There are 2 protein chains.
Amino acid sequence: MPKKQKTITIDGIDKKILRALMQDARTPILEIARNVGISGAAIHQRLRKLEKAKLISGSKFIINPEVLGYSTMAFIGIYLDKTANTTDVVRALKRIPEVLECHYTTGHYSLFIKLLSLNNTHLMHLLHEKIQSISGVQRTESLISLDQVIDRQIHI
Amino acid sequence: MPKKQKTITIDGIDKKILRALMQDARTPILEIARNVGISGAAIHQRLRKLEKAKLISGSKFIINPEVLGYSTMAFIGIYLDKTANTTDVVRALKRIPEVLECHYTTGHYSLFIKLLSLNNTHLMHLLHEKIQSISGVQRTESLISLDQVIDRQIHI
DNA sequence: ATTGAAAATATGACATC
DNA sequence: GATGTCATATTTTCAAT
């Protein structure tokens with residue numbers, strides 16, 4: 001059954017708080033308070049409200065993969081055998097650290113993944129030795145990102 | 001010309017620091033210090049080193065789009081006319097807040113985007129009224145994500 | 001990398017409206 | 001229910017070593 005999720009309403013102050021923290025999760029609450037014009041304690045309480053409503057699902061430091069040598073991002077469509085156990089395939093994909101996203105999708109593919117590799121040789125290795133060797137994987141189709149020109153979260 | 005990016009080497013302590021902050025960007029430096037076993041100031045200096053090396057490109061609060069009613073994620077492959085000005089198309093895509101990623105890609109498509117919509121009706125509206133009406137866009141192919149089962153950053 | 005100290009911040013209790 | 005004030009604990013930050 002689908003996870004039901006209440007939608008909540010947020011006002012202008014909530015938006016300002018969220019925008020500041022979406023941009024830099026370490027922005028001090030008191031700094032936000034000064035910009036917004038209410039007390040730090042009030043910001044604090046609103047944040048607890050937003051967390052309770054699960055609107056905020058955490059915070060992350062963003063690592064620049066290029067500095068670690070990861071220069072190739074690719075999207076891979078995966079065809080599975082009719083008899084394949086999808087759960088097992090996903091479990092195997094989780095064990096490949098280069099796989100960053102995995103989706104069940106409509107359309108031709110059974111699974112659709114996003115991955116990051118050091119270069120094209122590494123990508124080929126991942127495809128042939130890691131992904132296509134998973135039991136149940138029939139074939140794959142690759143889409144290599146030459147340049148990512150938009151990368152953002154939903155607008156608030 | 002491609003952006004050259006020096007790759008740096010990081011040791012076990014750097015990894016522990018990064019793992020803690022990738023999981024929760026607001027983890028206090030002193031708490032990390034206690035877990036790692038060195039002083040807070042040392043952590044602080046390492047973080048400055050990592051920032052200088054551009055390994056850390058910032059921090060973000062992660063918003064749960066479902067709570068705002070966004071329940072449908074889709075990937076769209078875009079075919080452009082031969083005469084289309086790609087830069088202009090990207091500029092137009094940037095003005096659509098639901099578009100979260102945009103890539104220049106190899107393969108059939110000229111552009112490949114990831115977007116988030118409220119539901120299938122909204123997705124159809126985005127496709128027909130917003131994306132396919134951009135000058136230069138010839139046609140699109142959609143891939144709807146029914147469930148995202150992996151979502152993570154590169155492993156450190 | 002460490003220590004120590006000053007400044008800034010986070011956080012909770014309580015009062016207010 | 002949302003906010004402000006205050007007191008205290010904790011953290012950040014920067015020297016000097």
Side-chain angles (χ1 to χ4, degrees), chain A residues 3-65 67-69 153-156, chain B residues 6-70 152-156:
Chain A
K3 324 151 200 167
K4 280 216 181 147
Q5 193 89 62
K6 253 185 216 158
T7 64
I8 63 161
T9 49
I10 56 179
D11 66 12
I13 293 178
D14 290 322
K15 286 185 188 174
K16 282 185 183 175
I17 298 169
L18 287 172
R19 286 202 193 111
L21 290 169
M22 285 170 79
Q23 216 179 351
D24 179 358
R26 288 189 81 95
T27 312
I29 271 72
L30 287 178
E31 191 182 311
I32 300 172
R34 284 189 290 273
N35 291 334
V36 174
I38 65 177
S39 76
I43 305 274
H44 205 258
Q45 289 209 31
R46 279 171 178 266
L47 273 175
R48 300 219 322 167
K49 178 194 71 182
L50 294 172
E51 277 170 20
K52 205 174 157 194
K54 309 268 191 218
L55 179 57
I56 296 170
S57 57
S59 65
K60 291 195 171 77
F61 253 59
I62 306 301
I63 297 303
N64 183 357
V67 179
L68 294 173
Q153 288 194 69
I154 195 69
H155 180 256
I156 298 226
Chain B
K6 253 185 217 156
T7 63
I8 63 162
T9 48
I10 56 179
D11 66 11
I13 293 178
D14 290 322
K15 286 185 188 174
K16 283 186 183 175
I17 298 169
L18 288 172
R19 286 203 194 111
L21 290 169
M22 285 170 77
Q23 217 180 345
D24 178 358
R26 287 189 83 96
T27 312
I29 271 72
L30 285 178
E31 191 182 311
I32 300 173
R34 285 190 289 272
N35 290 334
V36 173
I38 64 177
S39 75
I43 307 272
H44 206 257
Q45 288 175 26
R46 281 170 179 268
L47 274 175
R48 301 219 319 166
K49 178 194 72 181
L50 294 172
E51 277 170 20
K52 207 174 155 194
K54 309 266 189 220
L55 179 57
I56 298 169
S57 57
S59 66
K60 292 194 170 73
F61 253 58
I62 306 302
I63 297 303
N64 183 357
E66 289 192 5
V67 179
L68 294 173
Y70 289 89
R152 61 190 176 194
Q153 287 193 71
I154 195 69
H155 180 256
I156 299 228

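Chain letters run A, B, ... following the sequence lines, proteins first, then strands; residues in each count from 1. Computed from a prediction, not measured in an experiment: that's the story for all the values here.
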Can you list every side-chain hydrogen bond (donor to acceptor under 3.5 Å, both in side chains) pair that touches residues 21-35 of chain A, not counting sequence neighbours? A:D24-B:S59
Contacts of A:Q153 that satisfy side-chain contact (heavy atoms from CB on, under 4.5 Å) - sequence neighbours left out: A:M22, B:K60, B:I62, B:I63
Five-pair end axes of the helix from C:dA1-D:dT17 to C:dC17-D:dG1, angle between them (10°): 30°
Interface residues of residues 21-30 of chain A with DNA chain C (non-hydrogen, below 4.0 angstrom): A:P28, A:I29, A:L30
Any side-chain hydrogen bond (donor to acceptor under 3.5 Å, both in side chains) involving residues 9-21 of chain B? Give me the pairs, sequence neighbours left out, ordered by first then second residue. B:D11-B:R46, B:D14-B:R46, B:D14-B:K49
Give me the residues of residues 43-50 of chain A where at least one heavy atom lies under 4.0 Å from an atom of DNA chain D, by number, or none. A:Q45, A:R46
Would you indicate whether the side-chain heavy atoms of A:I156 and A:I10 approach each other to under 4.5 Å? yes
Give the first and the last nucleotide of DNA chain D, reading 5' to 3', that has any atom under 4.0 Å from a heavy atom of chain A. D:dA2 to D:dT12
With heavy atoms under 4.0 Å as the rule, sort A:A42 into base, sugar-phosphate or nothing. sugar-phosphate
Does A:I56 reach the side chain of B:V67, with side-chain heavy atoms less than 4.5 Å apart? no
Once you round to the nearest 0.5 Å, how far does OG of B:S39 lie from NE2 of B:H44? 11.0 Å
Side chains of A:I43 and A:I38, heavy atoms from C-beta outward: is any pair under 4.5 Å? yes
Which is the 5'-most and which the 3'-most nucleotide of DNA chain C that has an atom under 4.0 Å from a heavy atom of chain B? C:dA1 to C:dA10
Strand contacts (DNA chain D) in residues 32-39 of chain A, 4.0 angstrom heavy-atom criterion: A:I38, A:S39
Hey, what do you get for CG (A:L47) to CZ (B:F61), rounding to the nearest 0.5 Å? 6.0 Å
